[in-house]
There are 2 protein chains.
Amino acid sequence: MKLKSFKGMNCSLAQTLNIVGERWSLLIIRDISFGTTHFDEIQKSLGVARNMLSTRLKQLTEAGILRKEADDAGRSQYKLTDKGWDLMPVLLSMTHWGDKHVPDEAGDRVVFVDQKTGRPIQPMGIHDADGSRINYYDIKPEFGPALRR
Amino acid sequence: MKLKSFKGMNCSLAQTLNIVGERWSLLIIRDISFGTTHFDEIQKSLGVARNMLSTRLKQLTEAGILRKEADDAGRSQYKLTDKGWDLMPVLLSMTHWGDKHVPDEAGDRVVFVDQKTGRPIQPMGIHDADGSRINYYDIKPEFGPALRR
DNA sequence: GATCTGCGTTTAATCAAGCAACTGTGGAGA
DNA sequence: TCTCCACAGTTGCTTGATTAAACGCAGATC
């Protein structure tokens with residue numbers, strides 16, 4: 001009774017979840033994006049089981065999200081590829097949702113700021129073709145070519 | 001050997017994953033956002049096991065993401081709450097990532113358009129305080145009050 | 001040469017996903 | 001009123017996934 005794969009679903013969300021939808025994947029990716037790139041560092045930071053971490057790193061590397069390389073000391077480390085960095089909107093959306101809906105009494109936990117100005121970035125939101133911010137009830141889904149058949 | 005909870009992690013991403021990070025949750029939420037609101041409809045649409053669906057719907061309702069109510073015919077249906085609709089940026093980020101990195105040869109699967117203009121919305125991206133689009137390498141994380149202690 | 005650190009793999013136990021069959025309820029039709 | 005069917009779950013079982021801890025192994029340090 002294998003875990004059901006989302007591969008056949010012909011849905012971009014399902015395809016994404018098939019690759020990064022596993023419990024630990026996004027936390028691993030976040031750690032690496034923060035500069036925690038060595039196996040033991042990630043393991044201690046997250047408290048994930050070592051074999052899980054090993055498996056996930058392998059899968060994410062095969063999926064082209066991570067790249068394994070040696071650092072100056074010859075120790076192996078993991079870095080995000082461009083494909084991996086493209087997941088930042090996903091990470092940021094989730095972080096902002098957590099900030100808003102599962103807050104800490106002491107305030108925000110991590111704030112992402114614009115490096116040039118030092119000011120916090122906007123919470124992730126929906127923008128129309130002109131770049132104006134719009135609401136979720138201002139959009140509607142339409143079937144694209146791949147679903148019209 | 002219970003599944004490790006992310007609750008104690010003091011990280012907004014982990015808090016979000018603790019609520020919607022399970023395999024089926026986001027797919028269920030997407031279906032409901034598309035108007036597939038009855039138990040059997042969702043079950044057939046996703047092919048998820050009925051007991052899984054039952055458990056997830058219960059958890060998501062308890063988490064305040066869904067609301068259970070009766071439709072005109074008295075059948076029970078599930079709707080998104082505002083808290084649930086706030087997950088749209090997460091769904092859209094993942095959908096756009098899938099469109100880009102796991103494409104279908106036939107083209108896009110679902111396109112989200114601005115209801116007023118009919119034009120597709122922008123792919124989810126990072127915006128600075130002034131609303132200008134910036135890149136992932138233009139931002140950096142800073143520890144907020146909850147982590148400075 | 002003994003111990004430590006880094007990076008995993010193996011092992012054994014337990015938890016959760018998956019499937020299918022069953023229950024319970026309400027309405028439609030005979 | 002009796003049967004049939006759709007809907008919304010629930011129950012029970014099997015198998016896969018997750019966990020923690022122990023083990024391997026190479027290179028560096030004491």
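Convention: sequence-line order gives letters A, B, ...; per-chain numbering from 1.
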Short side-chain N/O contact to C:dG8 OP1/OP2 from A:Ser54, under 4.0 Å: no
Is a donor-acceptor contact shorter than 3.5 angstrom present between the side chain of A:Asp71 and the base of C:dG6? no
Indicate whether the side chain of A:Thr36 and that of A:Ser45 have a donor and an acceptor atom separated by less than 3.5 Å. no
Per side chain to side chain donor-acceptor pair (under 3.5 Å), A:Ser12 is matched among B:Asp108, B:Asp99, B:Thr95 by B:Asp99
Kindly say if B:Trp24 contacts the phosphate of C:dG18, meaning a side-chain N or O under 4.0 Å from OP1 or OP2. yes
So if I take every side-chain heavy atom of A:Tyr78 and compare against C:dG6, D:dT19, C:dG8, which nucleotide ends up nearest? C:dG8
Does the side chain of B:Lys58 get closer than 4.0 angstrom to OP1 or OP2 of D:dA8 through an N or O atom? no
Between C:dA17, D:dG9, C:dG8, which one does the side chain of B:Glu22 approach most closely? C:dA17
Could you grab the distance from atom CG of A:Leu91 to atom CZ of A:Phe112, nearest 0.5 Å is fine? 7.5 Å
Starting from C1' on D:dG9, measure out to CG on B:Asp40 and report it in whole angstrom. 9 Å
When A:Arg50 and A:Arg23 are each assigned the nearest nucleotide of DNA chain D, the 5'-most assignment goes to A:Arg23
Would you mind reading off the distance between A:Arg75 atom CZ and C:dG8 atom P, rounded to a whole angstrom? 11 Å
Working to the nearest 0.5 Å, report the span between OG1 of A:Thr37 and CD of A:Glu69. 8.5 Å
For B:Arg56 and D:dA8, what is the distance between atoms CZ and C1' respectively, to the nearest whole Å? 18 Å
Take atom NZ of B:Lys68 and atom P of D:dC7, then tell me their distance rounded to the nearest Å. 16 Å
How many angstroms lie between CD in B:Gln122 and OG in A:Ser132, if you round to the nearest 0.5 Å? 9.0 Å
Roughly how far, to the nearest 0.5 Å, is the OH atom of B:Tyr78 from the NE2 atom of B:His38? 10.5 Å
To the nearest 0.5 Å, what is the distance between CE (A:Met124) and NE2 (A:His96)? 7.5 Å
Could you state the NZ-C1' distance from A:Lys4 to C:dA17, rounded to the nearest angstrom? 12 Å
Which whole-number value in Å describes the distance from A:Gln43 CD to D:dA21 P? 11 Å
Closest-nucleotide ordering on DNA chain C, the 5'-leading residue of A:Ser76 and A:Ser5: A:Ser76
Is a donor-acceptor contact shorter than 3.5 angstrom present between the side chain of A:Asn51 and the base of D:dT19? yes
Please encode protein proximity along nucleotides 25-30 of chain D as a string of B, S and -, counting only heavy-atom distances under 4.0 Å. ------
Here the distance between atom C1' of D:dT19 and atom CG of A:Leu46, to the nearest Å, is 15 Å
What integer distance in Å separates B:His38:NE2 from D:dA6:C1'? 12 Å
